[in-house]
Amino acid sequence: MSDQRKPFPFADFESKWQQHWDENKTFRTPNPGDEDFDATKPKYFILDMFPYPSGAGLHVGHPEGYTATDILGRYKKMNGHNVLHPMGWDAFGLPAEQYAIKTGQHPRITTEQNVDNFRRQLKSLGFGYDWDREVNTTDPKYVRWTQWIFIQLYNSYFDEETKKARPVSELEAKGWSRDQVDDVRLAFIHEAPVNWSPSMGTVLANEEVEEWKSKGETVERRPLRQWMLRITKYADRLINELDPLDWPESIKLLQKNWIGKSTGAEVHFDIHGHEVTVFTTRPDTLFGATYMVLAPEHPLVGEITSSNQKETVDAYIASCASKSDLERGDLNKDKSGVPTGATATNPVNGEKIPVWIADYVMTGYGTGAIMAVPAHDERDFEFATKFDLPITQVVQPKNDDNWQGFTGNGISINSGFLDGMKTKDAKKAIIQWLRDNNKGSFKVNFKLRDWLFSRQRYWGEPFPILWEDGNHKAVPESELPLLQPDMEDFKPTGSPEGPLAKATDWINYSESSKRETNTMPQWAGSCWYYMRYCDPGNTERFISKEAEEYWSGTSNASENNGMVDLYVGGTEHAVLHLLYARFWHKVLHDLGHVSTIEPFQKLVNQGLILGEDGAKMSKSLGNVVNPDDVVLEYGADALRLYEMFMGPLEQVKPWQMKGVEGVSRFLAKVWRLAFEQNQEGEWILSTKLTHEDASVDKDKNLLKVLHETIKKVSDDIERLSFNTAISQMMICTNAFGKVDQLPAELVRDLLKCLNPFAPHLTEEINSKLQVPDSGIMLCDQDWPKYNEAYLVEDEVEIVVQVNGKLRGKITVTKDATKEDIETLAQQDENVQQHVEGKTIRKIIVVPGRLVNIVAN
RNA sequence: GCCGCCAUGGCGGAAUUGGUAGACGCGACGGAUUUAAAAUCCGUUGAAUGGUAACAUUCGUGCCGGUUCGAUUCCGGCUGGCGGUACCA
């Protein structure tokens, strides 16, 4: 399409307005303390999930969420809010480094180029971000505070009584030893089996393993010394404090399942003088425990294995170790295991039961050991059947269900003093017994593991930690940020020390102390970026108290509210990012640095945009849509509008280029409400427009449709229902297009409604409309108010049903009585035909809507 | 396997509190304008039957059943698709 052919000259004015907004800092948000800060304005904090600036540039999924928040932000601004709607870059991370290794270019350079490209692309879409607040997680001024927060974690412990983080200095004051303190820090060193990727030369979090495996990287289990964050201490609060949040229930559930709380008991068994503890959610079935299983990696396996079983056991452990997680889990549901030759004593009845090892018991969950109750557990049942182990029924199902493998609640039998009790009561009774006899206790277990926080990479925040005689301590805060040294060779070493170990000058901090060579994972920077937006230039603190309180809204609300009013992003972060960020926020809250207990009050997940073929967009399928191309062909406003018109924000929906044409046609119609082409093909103000001309009565129908539109668009924006808002504006535009005389102020009010959606087009028209406020940008004007008087109709159409089926329509005045309506309805010819020969039993009148005559 | 979400014309979708199913857009068809096309404008468009027509009737929101004067909407049971998770004791 040549420029002549474009239905409206978007290419001319879109870049013009973008430049204008940029130069005038139109969307700058004043902070407390700024000259133009107005404390009387309510705050509104809208957050987009900031992008990882990949080399591929923006894809159409990004502008989906970003347009939605931009519309809401512009709407709130026009409604008198002080809107914080910033953007930044999650720029550390493995992809940048992998790319750097391939090309030999320093990741800082490629990251910078990618950021520039992303910024250019976002600006070309006309988003109203306050670019003065841009943050970049790799910026030394930002890294400084990420490391500072790490030190806060390092210097804190979790106080079990108050369920809050406290400074470890309190423990030191009480005389705790260095080792005791190190054992309770929220950031701690731990030697544990971890996911080591030989191909990438780094350790990965459990949560990341599958993602990288699917990209072809190798991952294996290996015991290593790593930095961990004690997120498990917050497990209960991370579940309970979800409640007041305005999040999709499905996401809350996802997080709850991930944390995986289960309540039960710990029971101590004796194996030849060794105490082995198991965790069970069904302590009431203790009498039915007919054997015990230890995970192959359980530390006691070596000691308890009898000499004649040693060979078998060793061989089994070796075979488990060589199996990948996939072979052990997904591919092999068949139970395997071997007896150790040892016997355990069931504490409740003194019975001797065999001890096995089997890989269906995991080392990382519970105690890595179970009591097997084959009668009432599917897995134990399968195992016992396969290896011919005894099965004892101890629960009687309430109905006549088969008790073999019955896992539900019932009545205890064959269980001594528990006999006859309901499962719920039996649990209580046995726990009490275990307590009294020192054989166990009530216990809560979580699936959530502590967060493996170290990586062996170059492109991440170095740990602000020094090592001295095998002990660690924090780098003085005055020395932050601690940046990676400039290195020629930042390739992974393949050893768990990571590439920083090669920077020999850098490592040696002093005669006696060396630097930690691990770096933090990408999550670190994204855990707190929303806070930095509130006070991005602060060199004294990560956020000033004043800015924190203002943007948290705690001056007029409670600490139970989340800081961010609305957070929009994809579901892929439903668990990890959102859980990690909540954890950090809570720690900072406990330590008195932030006033709310949660970061994000309302969360909305945008739905994935699929390719035109209904499949997920991917290079290999060739169905990827590049936003740059769409902007070039149809303009930024059309792209924005289309992405909002496709369907509900949260829904998965396929791209349709024809749909872009449709909204582009709509925008052209709006353009032609104000302009027409003269003989030379130039756009001149439409001759249909009337200006403050008292001789022309404003068309009542136009006022009605306009005010309906104002009402609907306002409501729809509030509930993020952008597709229906747009369809209403289409209806209004179609109505405006039909008349010969169109008052310019009515067009201006429609433009105000459309402005958050299509800011370039509407500002351009408004600036030339020759209405009183044409000189003021729409985004600086007030949102229009609808007038109820224009909406009410003198006459209403009412539907008449007979037995629930539509049989006629009547028109009544708005003050018609119920009786009038009933009479009128019965007079309708078609209605009479359907009532004929029947007795009217009942007439239901829904005022203003329908009449239903029930007859038989 | 378990948990969650979804299902409406040829297509994307609308129906906000149980009250006219299919708004709005796309596509298709017919027409106006044009030398012609593009663009634009007007009209028709869930299916079937009857009628020259206005219109009327029946069916219709994945399937089966229930509650209700009335169900796309609420309840129970299925089927299909998508997402998460997986031997979690």
Side-chain angles (χ1 to χ4, degrees), chain A residues 1 4-7 210 248-254 256-258 260-262 264 278-282 285 293 328-330 332-335 358-362 364-373 377-380 382-383 407 445-448 571-572 574-575 607-608 610 614 642 645-648 650-663 665-666 668-669 672 677 712 715-716 719 721 723-731 734 737-738 797-809 830 833-834 841-844 846 848-856:
Chain A
M1 215 181 340
Q4 283 279 304
R5 276 281 135 87
K6 308 255 186 205
E210 283 315 312
E249 281 308 314
S250 58
I251 301 293
K252 288 188 183 180
L253 207 68
L254 226 50
K256 283 180 193 167
N257 290 343
W258 188 265
K261 180 176 184 170
S262 36
V278 303
F279 171 72
T280 176
T281 55
R282 291 298 298 272
T285 62
V293 186
R328 203 169 149 168
D330 285 359
N332 186 14
K333 294 276 180 186
D334 238 16
K335 298 276 180 296
D359 65 1
Y360 82 91
V361 174
M362 309 285 127
Y365 183 77
T367 59
I370 62 157
M371 63 178 212
V373 185
D377 181 281
E378 278 175 41
R379 293 148 304 174
D380 297 345
E382 193 190 328
F383 192 82
T407 58
N445 231 314
F446 295 95
K447 273 198 262 184
L448 184 71
T571 349
E572 66 271 23
V575 180
L608 199 65
L610 305 174
Y642 172 64
F645 189 59
M646 291 173 84
E650 302 184 67
Q651 194 169 303
V652 180
K653 41 210 177 285
W655 185 272
Q656 292 185 325
M657 217 37 119
K658 282 287 183 191
V660 187
E661 277 179 39
V663 294
R665 229 171 273 166
F666 160 64
K669 274 190 202 176
R672 288 197 309 271
Q677 266 175 315
K712 180 142 181 68
D715 290 351
D716 283 353
R719 57 191 191 100
S721 178
N723 53 333
T724 51
I726 294 168
S727 82
Q728 181 61 39
M729 290 188 282
M730 286 173 168
I731 291 170
N734 288 341
K738 281 194 170 74
E797 192 186 65
I798 287 187
V799 164
V800 184
Q801 295 181 339
V802 177
N803 292 329
K805 287 195 173 168
L806 178 64
R807 296 302 177 192
K809 290 173 187 180
N830 197 37
Q833 274 184 28
H834 284 273
R841 303 285 174 198
K842 201 171 162 192
I843 299 179
I844 293 149
V846 183
R849 281 195 176 263
L850 65 69
V851 183
N852 190 13
I853 300 169
V854 185
N856 60 11

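Letters go in sequence order (proteins before strands), and every chain restarts at 1.
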(request) Classify the nucleic acid contact of T571(A) as base, sugar-phosphate or nothing, counting any heavy atom under 4.0 Å across all strands shown. (result) nothing
(message) Counting only side-chain heavy atoms from C-beta out, which of C69(B), C87(B), G19(B) sits nearest to V854(A)?
(response) C69(B)
(message) Rounding to an integer number of angstrom, what distance separates U85(B) and A48(B) when you compare their P atoms?
(response) 46 Å
(message) Just to be sure I understand the rule, does E378(A) reach a base, reach only the sugar-phosphate, or reach nothing, if contact means heavy atoms closer than 4.0 Å?
(response) nothing
(request) Taking the side chain as every heavy atom from C-beta outward, state whether L850(A) and Q801(A) have any atom pair closer than 4.5 Å. (result) yes
(message) Starting the side chain at C-beta, find the nucleotide from U16(B), C87(B), U85(B) nearest to D359(A).
(response) C87(B)
(request) Please state the C1' separation for the pair U8(B) and A23(B) - nearest whole angstrom. (result) 13 Å
(request) Check whether any side-chain N or O of N723(A) sits under 4.0 Å from OP1 or OP2 of A23(B), and answer yes or no. (result) no
(request) Taking atom C1' in both U45(B) and C11(B), compute the distance separating them and give it to the nearest angstrom. (result) 14 Å
(message) At 4.0 Å (heavy atoms only), tell me whether K809(A) reaches a base, stays on the sugar-phosphate, or touches nothing.
(response) base
(message) C41(B), OP1 or OP2 - any side-chain N/O from R672(A) closer than 4.0 Å?
(response) yes
(request) Return the nearest nucleotide to the side chain of K805(A); candidates are U20(B), A89(B), C59(B). (result) C59(B)
(message) Heavy atoms from C-beta onward define the side chain here; which of G12(B), G4(B), U20(B) lies closest to that of L850(A)?
(response) U20(B)
(request) Just call it for V293(A): base, sugar-phosphate, or nothing, with non-hydrogen atoms closer than 4.0 Å on any strand. (result) nothing
(request) Indicate whether OP1 or OP2 belonging to U57(B) is found under 4.0 Å from a side-chain N or O atom of H834(A). (result) yes
(request) Taking atom P in both U49(B) and C64(B), compute the distance separating them and give it to the nearest angstrom. (result) 23 Å
(message) Say we look at G13(B) and C63(B): how far apart would their C1' atoms be, to the nearest angstrom?
(response) 23 Å
(request) For K669(A), answer base if it contacts any base atom (sugar-phosphate contacts may also be present), sugar-phosphate if it contacts only those atoms, and nothing otherwise; contact means non-hydrogen atoms under 4.0 Å. (result) sugar-phosphate
(request) Choose from U20(B), A89(B), U58(B) the nucleotide whose nearest atom is closest to any side-chain atom of R807(A). (result) U58(B)
(request) When you get a sec, tell me which of A89(B), C69(B), G25(B) is the closest nucleotide to the side chain of F645(A)? (result) G25(B)
(request) Report yes if a side-chain nitrogen or oxygen of S262(A) is closer than 4.0 Å to either non-bridging phosphate oxygen (OP1 or OP2) of A89(B); otherwise report no. (result) yes
(message) OP1 or OP2 of G13(B) versus the side-chain N and O atoms of Q651(A): is any pair under 4.0 Å?
(response) yes
(message) Using the rule given for side chain to side chain donor-acceptor pair (under 3.5 Å), can you reason through T724(A) versus S727(A), listing the C-alpha separation, both sets of side-chain angles and the distance that settles it, and then say yes or no?
(response) CA-CA 5 Å; T724(A) 51; S727(A) 82; 6.0 Å; no
(request) Can you establish whether the number of heavy atoms outside E572(A) located under 6.0 Å from its atom CD is more than 12? (result) yes
(request) Describe the nucleic acid contact of L253(A) in one word from base, sugar-phosphate, nothing, applying a heavy-atom distance below 4.0 Å. (result) sugar-phosphate
(message) Counting the atoms with a prime plus P, OP1 and OP2 as sugar-phosphate, which does Q728(A) contact under 4.0 Å by heavy atoms, base, sugar-phosphate, or nothing?
(response) nothing
(request) Indicate yes or no: at least one non-hydrogen side-chain atom of F279(A) is less than 4.5 angstrom from one of I370(A). (result) no
(message) Would you measure the distance from the C1' atom in U72(B) across to the matching atom in U17(B) and give it in whole Å?
(response) 15 Å
(request) Under 4.0 Å between any heavy atoms, over every strand shown, what does G659(A) touch: base, sugar-phosphate, or nothing? Just pick one. (result) nothing
(message) Does L254(A) reach a base, just sugar-phosphate, or nothing at all? Heavy atoms under 4.0 Å.
(response) sugar-phosphate
(request) Looking at every strand, decide which applies to V799(A) at a 4.0 Å heavy-atom threshold: base, sugar-phosphate, or nothing. (result) base
(request) Mind checking D715(A) for me? I need base, sugar-phosphate or nothing, with any heavy atom below 4.0 Å counting as a touch. (result) nothing
(request) Taking atom P in both A89(B) and G84(B), compute the distance separating them and give it to the nearest angstrom. (result) 22 Å
(request) Give a yes/no on whether any side-chain N or O of K653(A) is located under 4.0 angstrom from OP1 or OP2 of G12(B). (result) no
(request) Answer with base, sugar-phosphate or nothing: what part of the nucleic acid does K658(A) contact at a heavy-atom distance below 4.0 Å? (result) sugar-phosphate
(request) Pick base, sugar-phosphate or nothing for N445(A), based on heavy-atom distances below 4.0 Å to the nucleic acid. (result) nothing
(message) Checking contacts here: which listed nucleotide (C41(B), C24(B), G27(B)) is nearest the side-chain heavy atoms of R665(A)?
(response) G27(B)
(message) Does U20(B) have OP1 or OP2 under 4.0 Å away from a side-chain N or O of N852(A)?
(response) no
(request) With the side chain of D377(A) defined as its heavy atoms from C-beta on, choose the nearest nucleotide among U20(B), C42(B), A89(B). (result) A89(B)
(message) Within the 4.0 Å heavy-atom criterion, would you say I731(A) contacts the bases, only the backbone, or no part of the nucleic acid?
(response) sugar-phosphate
(request) Find the partner of G1(B): check Watson-Crick (N1-N3 plus N6-O4 or O6-N4) and G-U wobble (N1-O2, O6-N3) distances, both under 3.5 Å, and reply none if neither fits. (result) U85(B)
(message) Whether K712(A) contacts A14(B) is assessed here as follows: a side-chain N or O lying under 4.0 Å from the phosphate OP1 or OP2. Is that the case?
(response) no
(request) Record whether the side chain of K335(A) comes under 3.5 Å of the base of C87(B) through a donor-acceptor pair of N or O atoms. (result) yes
(message) Between U67(B) and G77(B), how far apart are the two C1' atoms, rounded to whole Å?
(response) 15 Å
(request) Could you work out which one of U57(B), A89(B), C3(B) sits closest to the side chain of N257(A)? (result) C3(B)
(request) Cation-pi check, K335(A) to Y360(A): give yes when NZ or CZ is under 6.0 Å from the six-membered ring centre and within 45° of the ring axis, no otherwise. (result) yes
